[in-house]
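The figures here come from the full heavy-atom set of this structure, side chains too, leaving out hydrogens, waters and symmetry mates.
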Amino acid sequence: MDKTVFKNILQILIILIFNNFLAQKTPEKLRENLVINDTISKKDTIVVKKEALEDILRTKADDQRRDVPKRMTFLIKNAQVKYQDMQIDADYISIDDNKNLIYARGKLDSLGKIIEPVITTQGGKKYETNEFQYNTKTRQAIAYNARTEESEGVIVANKTKKYNDSVFAMRHGIYTTDEYFIKKKDTAADYHLLASNIKLIKGKNKTQVVTGPIQMYIERVPTPLIMPFAILPFSDKRSAGILIPSFGEREDVGFFLNGLGYYQPIGEHFDLKVLADIYTKGSWNLRPEMNYVKKYRYSGNFAADVGTTVRGIKGLDDYTKNRTYRIAWRHTQDTKANPFLTFSASVDIVSTKFYNNTINNNYIFNQNVLNTQQNSTVTVTKRFLKLPATITGTASYSQNFATGFADLRLPQMNVAINQFYLFKSKTGMRQGLLENITVNTGLNLTNFVNTEEGELFKKEMWEKMQTGLKNNIGLNTNTTVAKYFTFSLGANIDNALTTKTLNRYYDPVKSAVVDEVDKNISGYSTFSTSASIQTTLYGMLKFKKGSKIEAVRHMMTPGISFTYSPDFGDSKFGYYRNYYNANGELTPYSIFEKGIVGSPTSGMMGALGLTIGNNVEMKVKSKKDSTGMKKIKLFESLTLNANYNFAAKDHPWSMITLNGQSSFFDNKLSVNTRLSLDPYKTIYLPGQDTGIRTEDFGSFSVQGFDVQLSYPLSSEIFGEKVDYAKKYSSKGEIRNENYYFDDDNYARFSQAWTLNVNANYAYSRGTTRTGNKIASVGLDGSVKLTPYWNISGSTHYDMITKQLAYGRIGFSRDQRSFTINFNWVPFGQYKVYDFFIGIKANILSDALKYKDRSFTQPDAPF
């Protein structure tokens with residue numbers, strides 16, 4: 001028994017040792033193909049080596065051949081291979097099982113030129129190539145003369161290598177958004193961007209192209225527009241990108257690049273744009289701008305303009321160097337955001353000589369260089385649900401470039417009480433003078449200072465600051481008298497307080513009048529009353545039957561008013577004082593003169609006013625009108641105003657004014673006139689240009705006359721409408737426009753044009769012997785030479801000096817997928833031309849940030 005047990009144990013040991021020996025001697029190939037895992041687990045696992053193909057390779061062709069020894073497959077004519085999500089269609093395809101390669105080639109003509117490309121479709125994207133090679137193991141591909149379409153653009157590269165599904169490297173590639181080239185309606189793009197190296201990066205949310213040095217070509221002609229790199233995004237979201245500049249020359253600062261910069265979106269509500277202007281004579285300008293928007297809440301933008309303008313040659317007398325700045329802020333609140341509290345801002349602060357020294361050409365084309373004043377305002381308005389009041393807080397800054405001074409109001413607060421009736425109606429309908437009495441009142445607090453730019457927010461400015469408080473109460477009522485007359489009564493009360501008053505005296509040592517400011521609180525109260533009555537009269541002049549003019553209607557609105565106010569210059573009020581001038585004469589002055597609250601009126605007012613308003617229309621026959629009649633406005637308004645002051649000691653009659661407004665030629669020609677007559681005679685002494693106004697009534701000399709005319713002309717007014725389909729039988733297409741052709745094969749199309757004519761004449765005399773005249777004519781128009789060529793321009797001619805005051809001419813060319821703009825100011829202080837190329841594709845609106853540069857409007861927030 002013991003021997004048997006021992007024998008069994010020995011047999012088991014021998015078997016185990018032999019098995020261990022076999023395991024050590026197992027060939028390496030057997031180890032790779034079969035691995036037995038003897039570890040303790042829930043399930044035994046057998047791992048088999050992966051094959052070269054992870055999916056079934058489906059093929060078809062008109063002719064298929066198989067070379068078994070070389071493990072090659074050849075597909076000829078209408079060949080197609082489907083593998084995973086990829087499909088290859090070509091004239092010739094070869095499959096190498098040894099190298100795991102699929103090679104495809106397009107169809108060749110008799111000269112060996114590719115006439116039909118290889119079509120590769122993967123992930124919903126379509127690629128066209130001359131030759132295509134794909135490794136099924138590494139999933140990398142190489143394509144030659146590949147055509148890749150992305151969003152609105154297409155890339156054609158000599159060689160493209162696909163590293164994976166996300167990264168493509170391209171050599172010597174062009175990019176364009178020309179629709180005709182993409183749709184193969186044209187073999188050459190109207191423009192393209194050429195780069196030696198391009199990388200296409202695809203992501204889940206966006207795709208972008210990153211290039212090295214890149215150059216723009218127009219109709220295959222290279223342009224000087226070269227960028228060191230480019231990032232072209234293919235996404236619906238905003239993307240960062242380079243801002244393409246315009247270039248040109250200015251006589252005073254040299255050649256330039258204007259608007260070169262970069263655009264960067266910041267989150268969902270902000271974006272940042274940084275622009276630079278560079279000039280060859282040393283001038284430069286930096287213009288950062290940030291836009292922000294929150295839907296249904298607010299929108300706005302911040303902008304700055306900082307630079308240095310260099311003119312002349314350093315070391316010579318004509319050399320100048322000036323630093324300029326501009327700070328702008330626009331903020332608009334949505335009306336639905338908060339109807340009870342609104343905030344708005346329109347801030348535009350510039351250095352005093354900013355527009356005279358600007359190097360931003362946009363200000364020249366926009367005619368901002370002609371600005372004489374700049375205004376800035378920040379406003380907060382508070383309304384109440386139950387209180388009948390509105391509180392408005394304002395801070396304003398007004399710059400006068402002619403004087404170099406600025407007006408600052410900080411802060412200014414106005415409390416307005418909603419208009420209300422003083423008495424309730426007894427019957428529900430207001431009748432009579434008492435029930436129609438309305439009250440208007442409010443309170444205005446102002447802090448004001450007139451200061452120089454260098455004194456802003458310094459001690460000198462605060463010392464000159466004035467504070468004033470005004471209250472106005474207005475009472476008005478009206479009623480109908482004898483059915484046809486409207487009778488009105490009114491009373492006005494003004495109350496004012498100020499912290500500074502004036503003390504004036506003559507200093508014989510300095511031989512000058514001295515104004516001293518007394519820092520004390522003082523105020524005044526004034527009131528006035530008025531009464532008026534007016535009616536409306538109609539007159540009609542009818543003509544005989546058969547006459548072209550049927551009738552002339554005249555509507556007259558005469559009115560008589562009487563105004564009374566006491567003499568607040570009387571010494572009992574204390575608002576006026578006297579001082580002795582250089583001649584020893586006693587001269588009155590107001591202690592509130594030059595103050596923020598104004599001065600009360602001096603001299604009693606008991607004036608009778610006469611107003612006559614006129615409207616004259618004519619009715620004529622017209623075949624164009626459906627009614628057969630047409631109304632022509634001879635005078636939309638013609639108003640006569642005159643006043644006679646019974647309380648005046650001299651010259652009781654005021655100036656007599658006549659104002660007229662009308663339009664002719666279907667409201668196209670607008671005419672505005674004003675005439676001022678002096679009823680008193682003015683005499684002139686020999687050798688003197690300034691006359692003396694006498695008390696002789698009846699001369700009615702012209703003291704002022706001005707007239708403004710405006711007439712917009714266009715091809716629609718004078719041009720005869722042509723039915724090209726009936727007049728010309730031949731029809732064809734050039735680019736994306738249809739044309740009709742005459743017998744000589746010339747294209748026929750309408751040449752639209754516009755021309756706005758503005759004329760102004762003004763004459764003013766006063767008491768001088770000879771008056772001053774101003775006369776100018778302005779032209780502003782455009783004409784389409786062809787459907788793709790447009791010329792626009794504007795100029796002003798001074799008929800007094802016989803000189804052109806300002807002129808601009810612009811050319812615009814539409815090139816299918818981009819536009820060319822050229823603007824030129826040939827004469828004046830700023831002689832400049834500006835050339836700009838802009839791509840119209842939406843996908844490049846961020847990358848290249850093209851926008852149509854209309855020089856008639858400022859930039860708007862995004």
Side-chain angles (χ1 to χ4, degrees), residues 335-336 338-342 381-392 413-444 470-495 525-540 551-566 601 605-617 619 627 631 633 635-644 646 659 661:
T335 54
K336 298 178 183 178
N338 189 341
F340 299 105
L341 181 63
T342 58
T381 303
K382 175 63 179 176
R383 301 176 181 86
F384 301 91
L385 182 61
K386 296 182 179 181
L387 293 178
T390 301
I391 302 176
T392 303
M413 185 182 70
N414 178 268
V415 180
I417 306 300
N418 298 346
Q419 178 181 288
F420 61 92
Y421 288 94
L422 191 62
F423 299 103
K424 292 183 178 181
S425 174
K426 297 178 180 179
T427 62
M429 295 186 64
R430 297 188 176 277
Q431 298 177 349
L433 293 174
L434 290 179
E435 291 186 358
N436 281 299
I437 294 177
T438 59
V439 180
N440 292 274
T441 185
L443 192 68
N444 185 276
K470 291 194 73 173
N471 165 249
N472 174 266
I473 302 174
L475 302 174
N476 295 278
T477 184
N478 64 81
T479 188
T480 301
V481 178
K483 293 184 180 181
Y484 304 108
F485 296 90
T486 301
F487 179 68
S488 301
L489 287 175
N492 193 74
I493 303 171
D494 281 326
N495 301 293
S525 295
T526 64
F527 70 91
S528 63
T529 59
S530 63
S532 66
I533 187 169
Q534 66 177 21
T535 188
T536 302
L537 304 175
Y538 295 92
M540 182 78 73
V552 174
R553 191 196 72 164
H554 179 202
M555 183 179 70
M556 181 185 294
T557 309
I560 300 175
S561 63
F562 183 81
T563 302
Y564 169 79
S565 65
T601 58
M605 173 69 73
L608 181 68
L610 174 66
T611 301
I612 302 176
N614 298 272
N615 176 277
V616 183
E617 293 183 350
K619 187 181 288 187
T627 61
K631 288 184 179 180
K633 296 179 180 179
F635 285 100
E636 290 183 23
S637 67
L638 183 63
T639 306
L640 174 70
N641 290 286
N643 284 280
Y644 184 86
F646 292 97
N659 296 280
Q661 179 182 355

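The backbone N or O of E435 lies less than 3.5 Å from a partner atom in the side chain of R430, making a donor-acceptor pair. Within the 3.5 Å criterion, the main-chain N or O of A416 finds no donor-acceptor partner in the side chain of T390. Under a 3.5 Å cut-off, the side chain of N471 and the backbone N or O of G442 do form a donor-acceptor pair. The backbone N or O of L638 sits less than 3.5 Å from a side-chain atom of N614, completing a donor-acceptor pair. Checking side-chain atoms of N615 against main-chain N and O of S637 turns up no donor-acceptor pair under 3.5 Å. Remark: the backbone N or O of N472 is paired with a side-chain donor or acceptor of T441 at under 3.5 angstrom.
For F527 against S565, the heavy-atom pair with the smallest separation is O-CB, 3.7 Å. A pairwise comparison of heavy atoms in N436 and Q431 identifies ND2-C, 3.9 Å as the closest pair.
More than 12 non-hydrogen atoms from other residues, nucleotides or ligands lie less than 6.0 angstrom from NZ of K382. Within a 6.0 Å radius of CG in L608, other residues, nucleotides and ligands contribute more than 12 heavy atoms.
For the atom pair L640 CG and T611 OG1, the distance stands at 8.0 Å (nearest 0.5 Å). Taking CD of E617 as the start and CD of E636 as the end, the distance is 8.5 Å to the nearest 0.5 Å. Summarising the geometry, atom CG belonging to L385 is positioned 4.5 Å from atom CZ belonging to F340; distances are rounded to the nearest 0.5 Å.
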Side-chain donor-acceptor distances from residues 477-491 under 3.5 Å, at least two apart:
residue : atom : partner : partner atom : Å
T477    : OG1  : L433    : O            : 2.5

Verify side-chain contact (heavy atoms from CB on, under 4.5 Å) between I560 and L610, making sure each step is shown before the conclusion.
CA-CA 5 Å; I560 300 175; L610 174 66; 4.3 Å; yes

Assess the residue pair Q661 and N659 against the criterion (side-chain contact (heavy atoms from CB on, under 4.5 Å)); give the C-alpha distance rounded to whole Å, side-chain angles, the decisive distance to 0.1 Å, and a yes or no.
CA-CA 7 Å; Q661 179 182 355; N659 296 280; over 6 Å; no

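The side-chain hydrogen bond (donor to acceptor under 3.5 Å, both in side chains) pairs that include a residue from residues 414-424 are Q419-N440, where partners are two or more places apart or lie in different chains.
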